[in-house]
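What follows is one structure encoded as structure tokens, with my remarks underneath.
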Amino acid sequence: MRDPAPPRWLEVWVDHPHLGGCFTYRVPEGWEPEAGDLLSVPFGPQVAGALALGWRSELPTGVDPQSVREIEAVVAKGILPKEFWPLLQRVADYYLTPLAQVVRTVLPPGLLSRSQRRIRLVGSPRGECSPAAQALLRLLQEKGGELSWRYLQQQVPGAEVALRELQRRGWVESFWQEQQGGRVKTQQAATLVEESLEGLSLPQQKALQILKQKGGELLLVEWERLAGVSRSVLQSLARKGRVHLYERPLLRLGEAGRPVEKDWPKPLTPAQAEAVAAICQALGQNQRFLLHGVTGSGKTEVYLQVIAQVLQQGRSALVLVPEIGLTPQLTDRFRARLGSRVWTYHSGLSAGERYDLWRQMLVSAPQVVIGTRSAVFAPLANLGLIVLDEEHDDSFKQDQPQPCYHARQVAEWRAELANCPLVLGSATPAVETYAAHLQDPQRWVRLSLPQRIPQAGIPATLPHLELVDMRQELQAGNRSILSRRLQQALQETLDRGEQAILFVPRRGYSTFVLCRSCGFVLTCAHCDVSLTFHVEGGQELRCHYCGARQPHPQRCPACGSPYLKHFGTGTQKVVEVLQQHWPQLGILRYDSDATRRKGSHRDLLEQFRSGQAQVLVGTQMLTKGLDMPQVTLVGVMAADGLLHQPDYRAGERTFQLLTQVAGRSGRGSLPGQAIIQTYLPEHPILRAVLAHDYEGFLQAELRQRQEGGYPPYRALILIRLSSTRLEALERYCERVATRLQGIPAEVLGPGPAQVERVAGRYRWQILLKQLPDQPWDRAQIDVHLHSALGHLPQGIRVSLDVDPLRIL
Ligand code: ADP
Ligand code: ZN
Ligand code: ZN
């Protein structure tokens with residue numbers, strides 16, 4: 001007798017809200033599922049959707065081979081493309097996170113719930129069975145042999161038991177199928193490649209001209225109708241290379257439907273031309289570029305022209321941007337230039353939209369995906385270029401949950417695997433990025449766009465920057481939050497019919513409420529932070545950490561005094577002060593309170609751009625790539641708050657933020673100015689901002705990092721621990737720290753986080769720092785960490801932040 005084939009084990013991720021996770025299954029002979037395939041597997045008494053993670057050579061220790069069940073079906077091949085696995089594994093290893101958790105981060109939510117379990121007849125039933133089983137069989141036979149499980153459950157009482165009986169006898173099987181609505185439907189479309197009419201017949205010329213008039217992009221059916229020619233004429237144009245025909249998916253995506261006016265490539269400035277040439281030269285190679293250009297220097301134009309080339313070579317491009325608020329504007333610009341093959345992928349899409357887009361990206365037609373952090377995992381086949389715009393932005397780093405990945409780091413790996421160039425664009429590159437360039441200028445090529453693009457023939461200059469010393473304002477008797485200089489500049493700007501932006505680091509009305517009689521500060525009941533005063537929709541106090549709200553008290557809760565004073569300046573307060581000064585003024589507020597509604601970013605910015613308001617008052621959100629040509633004045637209300645954050649990156653963040661905000665001014669044909677109010681006008685960071693001196697800032701910053709032992713000189717891993725019970729947390733932290741002795745790293749802590757309690761949870765941390773001048777052996781660190789953290793006591797949560805951006 002022949003030996004039975006040895007059993008084969010597959011590691012599988014089961015998608016189940018509570019019980020899901022990684023499990024091992026047996027694979028029946030003759031089946032060859034691959035990592036990334038969508039499966040159905042028996043799971044407890046049910047059948048569940050699952051994703052194949054990879055083959056295992058043996059079972060995990062302690063698992064009885066008899067207890068391992070077989071997978072039931074392969075539902076769809078290649079939901080995660082094969083090329084993706086090395087990337088995901090690398091993310092898992094580097095960010096000390098289980099692979100299954102990485103997979104969960106990457107997949108669109110509800111992927112598996114978009115599939116449907118169905119039951120079909122197999123074989124020919126003969127013999128006796130239970131009444132319920134008979135009912136089930138009869139239904140199936142009557143309705144064509146196949147039905148959804150949900151329908152059967154509704155129709156037949158006791159359907160589960162009946163199904164198991166029929167399955168045991170081999171008369172029916174259950175399988176998963178993607179729902180009809182989940183399939184991507186496509187339609188043929190044409191895009192203009194070459195507009196010359198030379199060597200074309202009259203009908204061909206006519207068709208080409210129509211296409212050009214209509215913006216260079218049409219569905220084939222439409223084109224046929226408009227041009228009044230036959231399909232074969234259109235196809236001959238494709239053969240001649242004048243147009244490119246492709247399958248355009250019909251998606252549920254709202255964005256894609258918006259009509260935009262066609263825009264054509266601009267003649268490049270010499271610096272832009274050099275940058276475009278250098279990147280295009282490197283297509284098909286894994287070259288890294290730092291596109292270093294001030295705001296308004298034409299970086300986006302460079303991306304657009306390079307991407308046009310990438311598409312023409314039949315490959316796709318991925319463009320990552322920091323914030324969703326900025327995507328609509330940017331997307332419109334990309335679509336105006338590149339046509340409808342431009343998609344946006346971000347967490348603001350509905351689950352259905354993300355699923356559709358996911359399927360769309362798996363097809364290999366050349367396309368452009370613009371998205372935020374998570375789009376670095378967009379499963380684009382045939383990737384030809386990755387761009388990170390505003391690469392210094394902190395939102396590219398995931399704080400929680402694990403993996404706490406940085407999109408820039410992942411993009412480096414992706415570009416390596418896809419063998420394509422990576423372009424990082426910024427006016428104020430991250431210290432790490434610039435340091436990488438200084439260390440290896442061949443590996444990290446710096447392309448510089450030193451000047452702003454002239455607008456309407458007028459040479460553009462950087463905004464004129466001024467610091468206003470607020471101490472002198474007070475001495476001169478001006479108690480307003482607006483300095484005399486800023487008031488005057490605002491008045492002049494308004495008189496000229498131009499627009500202004502006021503940057504306020506905090507939203508809300510004021511940053512804290514203090515009792516003038518006893519000094520009591522109103523704090524959140526669940527967090528160790530002061531409450532912020534908000535005036536919209538009735539006066540109330542809000543916690544910006546946990547979102548708790550409470551009405552504003554009449555009297556101090558500690559001493560009963562009615563003298564409560566509001567300190568600090570939020571966006572609402574600034575709006576109010578402006579209204580007092582200029583009652584007729586149109587003012588818009590742009591912060592996360594005002595833009596919470598989906599699509600309201602776009603509406604607000606449109607209102608401002610169209611001149612419905614003269615002043616925009618906003619928070620950090622303002623810094624992200626807004627392009628408002630009528631803005632000639634930017635005011636920064638309080639630069640000091642930024643500088644005083646107790647974090648090793650406070651200086652870098654302040655320099656970047658102020659430079660970016662100031663850069664919003666004078667982007668059109670009008671000269672711009674920026675006025676920064678501060679109590680510390682001598683501060684070196686502010687001086688560097690004033691002089692537009694990035695290099696000076698960088699050298700000073702690098703010196704400090706080296707002395708303090710921070711990145712890029714020494715790597716960091718932050719262990720964050722939290723619990724509702726402080727004592728248990730402290731005890732556990734001490735134990736972990738003790739067990740960490742012997743780890744090849746400097747161990748700092750444990751100690752409480754800067755804000756120790758948030759939403760009722762206490763937060764402690766331990767910082768691991770690379771030893772000076774020693775390699776950073778992640779694998780070894782991982783082993784140590786694993787044993788040090790041991791078995792987690794109940795109620796304690798741990799998360800590992802590799803390369804943390806904040807260590808507070
Ligand atoms: P950045 O991305 O660096 O902020 P943009 O690409 O947005 O710069 O360019 C700033 C402005 O100049 C935009 O309005 C853009 O359309 C325009 N622009 C860019 N390059 C050119 C060019 N070569 N000729 C004319 N206008 C240009
Ligand atoms: Zn009091
Ligand atoms: Zn709170």
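Note that the structure is a prediction, hence the values are computed from the model and not measured. Remember, it's 1-based here, ligands and their atoms both numbered in the order they're listed.
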Centroid separation under 6.0 Å, is that true for the rings of Phe608 and Tyr590? no

Flag Cys543 as yes if one of its N/O/S atoms falls below 2.8 Å of the Zn ion (ligand 3), otherwise no. yes

State, without any angle test, whether Gln305 and Glu301 hold a side-chain donor-acceptor pair at a distance under 3.5 Å. yes

For His437 and Arg446, test the side chains for any donor-to-acceptor distance below 3.5 angstrom and give the result as yes or no. no

For Pro322 against Asp389, the heavy-atom pair lying closest together: CD-O, 3.7 Å

Proximal protein residues to ligand 1, non-hydrogen atoms under 4.0 angstrom: Lys266, Pro267, Leu268, Thr269, Gln272, Val294, Thr295, Gly296, Ser297, Gly298, Lys299, Thr300, Glu301, Arg333, Ile453, Gln455, Asp627, Arg667

List the residues meeting salt bridge (charged side-chain N to carboxylate O under 4.0 Å, His left out) with Glu274, not counting sequence neighbours, and say none if there are none. none

Angle class for the Phe396/His406 ring planes (parallel below 30°, perpendicular above 60°, tilted otherwise)? tilted

